[in-house]
Asks: 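One structure, as structure tokens, below. Some questions next.
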Number of protein chains: 2
Amino acid sequence: MEQLYKQLQLENQLCFSIYATSREITKVYKPLLDKLGVTYPQYLALLVLWEHETLSVKKMGELLYLDSGTLTPMLKRMQDQELVIRQRSHEDERVVFISLTEKGKKLRDKACHIPEEVFSMANKSQGELEKLKETLQELLHSLHTYNQK
Amino acid sequence: MEQLYKQLQLENQLCFSIYATSREITKVYKPLLDKLGVTYPQYLALLVLWEHETLSVKKMGELLYLDSGTLTPMLKRMQDQELVIRQRSHEDERVVFISLTEKGKKLRDKACHIPEEVFSMANKSQGELEKLKETLQELLHSLHTYNQK
DNA sequence: CACTATTTAATTGTGTATAATTAAATAAAA
DNA sequence: TTTTATTTAATTATACACAATTAAATAGTG
């Protein structure tokens, strides 16, 4: 039983370190993203839009691992800020396509230097962070596959 | 500019992989924690209470990297479920101590096997996950130190 | 002692997250 | 072709997160 209790110690919990690190990262981004007027999840939506130009809510959800309950209200707020346009597909009325406005496209150049600014706060080498990213992507894939079933 | 755009690709973002993995982990815990009737953040609060028996809201916030805006309502819900007791300190009326009820203490034995169940879904060796945890704890420390300033 | 600064929770307001349900549209099957 | 199943967003309800403010209590200073 002692051994089992030991695994319940916060210090020993990988899951907690991921959870806490994720939130600290959001805080690091905050002042940088305030300059663009967006939140961290909104910034992630912009990342995929800068890459794909136009995509459905479903596709965005698959890329960001978020569902419509999160995306719909968030994208409506972004539409209110004139960053994106939401329009239903003519071929399939169930589908809503999201695309960037000119204002949304322009933000890309202002966001360009954010990755390196965040990197500088990590106190880790490029290689170590690259390795960390790869390990996490593998873990993410395993967990997501499991959660789908 | 192309190089800078490349760093804005979702695929290249360590931060996103942490953010997405954190949420997938919460989903893995969900069915396990449903049996105990708690959420993942509530489970984290229980972890520190199982270790410390009694502690202030401030101390819990320091351990979990959460502030009173999150903890106060969450701990009130846990009190409604009769998992914890909230009582103001007599020495310093600003301080609220949180302690476990008998029901809260008993949950520990039901939670004992959760860590290994979650571990089994990761498809990674014990050593690799241990290394990952250490790297993340270092990163967490760097980011938290930065965010405090 | 009076005054100021600090500490600690609670509150408020905004923005995610997610499960569960609903509703509309399309596709597939009998 | 009617029925049934599936797909896709939106909606609803609950629970975090966190910045900013408030309020109460304590500690520190002259």
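In what follows, every chain begins at residue 1, and chains take the letters A, B, ... in the order their sequences are listed. Note: hydrogens, waters and symmetry copies are ignored here, and every other heavy atom, side chains too, is used.
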Asks: For B:Phe97, what are the other residues in its hydrophobic cluster, where any two members join if their side-chain heavy atoms are less than 4.5 angstrom apart?
Replies: B:Val95

Asks: Nearest whole angstrom, please: distance from the C1' of C:dG15 to the CG of A:Leu33.
Replies: 14 Å

Asks: Just N and O in the side chain of B:Arg88: are any of them under 4.0 Å from OP1 or OP2 of C:dA9?
Replies: no

Asks: Rounded to whole angstrom units, what separation is found between the CD atom of A:Gln87 and the P atom of D:dT8?
Replies: 18 Å

Asks: In whole angstroms, how far is the P atom of C:dT8 from the CZ atom of B:Arg86?
Replies: 17 Å

Asks: Side chains of B:Phe16 and A:Leu64, heavy atoms from C-beta outward: is any pair under 4.5 Å?
Replies: yes

Asks: Is the distance from OP1 or OP2 of D:dA15 to the nearest side-chain N or O of B:Lys76 less than 4.0 Å?
Replies: no

Asks: Reckon A:Ser56 has a side-chain N or O less than 4.0 Å from the OP1 or OP2 of D:dA9?
Replies: yes

Asks: Classify B:Leu66 by what it touches in the nucleic acid, base, sugar-phosphate, or nothing, heavy-atom distance under 4.0 Å.
Replies: sugar-phosphate

Asks: Separation of B:Asp67 atom CG from C:dT12 atom C1', in whole Å?
Replies: 13 Å

Asks: In whole Å, I'd like the distance from the CG atom of B:Leu75 to the P atom of C:dA10.
Replies: 8 Å

Asks: Send over the distance from A:Lys58 NZ to C:dA24 P, rounded to a whole Å.
Replies: 20 Å

Asks: Charged N to carboxylate O below 4.0 Å: is that the case for B:Lys106 and B:Glu102?
Replies: no

Asks: With nearest nucleotide decided by heavy atoms, which residue, A:Gly69 or A:Glu93, maps closer to the 5′ end of DNA chain C?
Replies: A:Gly69

Asks: Could you state the atom-to-atom distance from CD of B:Glu62 to C1' of C:dT7 in whole Å?
Replies: 12 Å

Asks: Distance check: side-chain N/O of A:Arg94 vs OP1/OP2 of C:dT22, anything under 4.0 Å?
Replies: no

Asks: Check this for me: does any side-chain nitrogen of one of B:Lys133 and B:Glu130 sit under 4.0 Å from a carboxylate oxygen of the other?
Replies: yes

Asks: Tell whether B:Ser68 reaches the base of C:dA10 with its side chain through a donor-acceptor pair below 3.5 angstrom.
Replies: yes

Asks: So, does B:Thr26 get its side chain near the phosphate of C:dT18, meaning an N or O under 4.0 Å from OP1 or OP2?
Replies: no

Asks: To the nearest Å, give me how far apart NZ (A:Lys30) and C1' (C:dT14) are.
Replies: 11 Å

Asks: With distance as the sole criterion, is a donor-acceptor pair present between the side chains of A:Tyr65 and A:Asn147 under 3.5 Å?
Replies: no

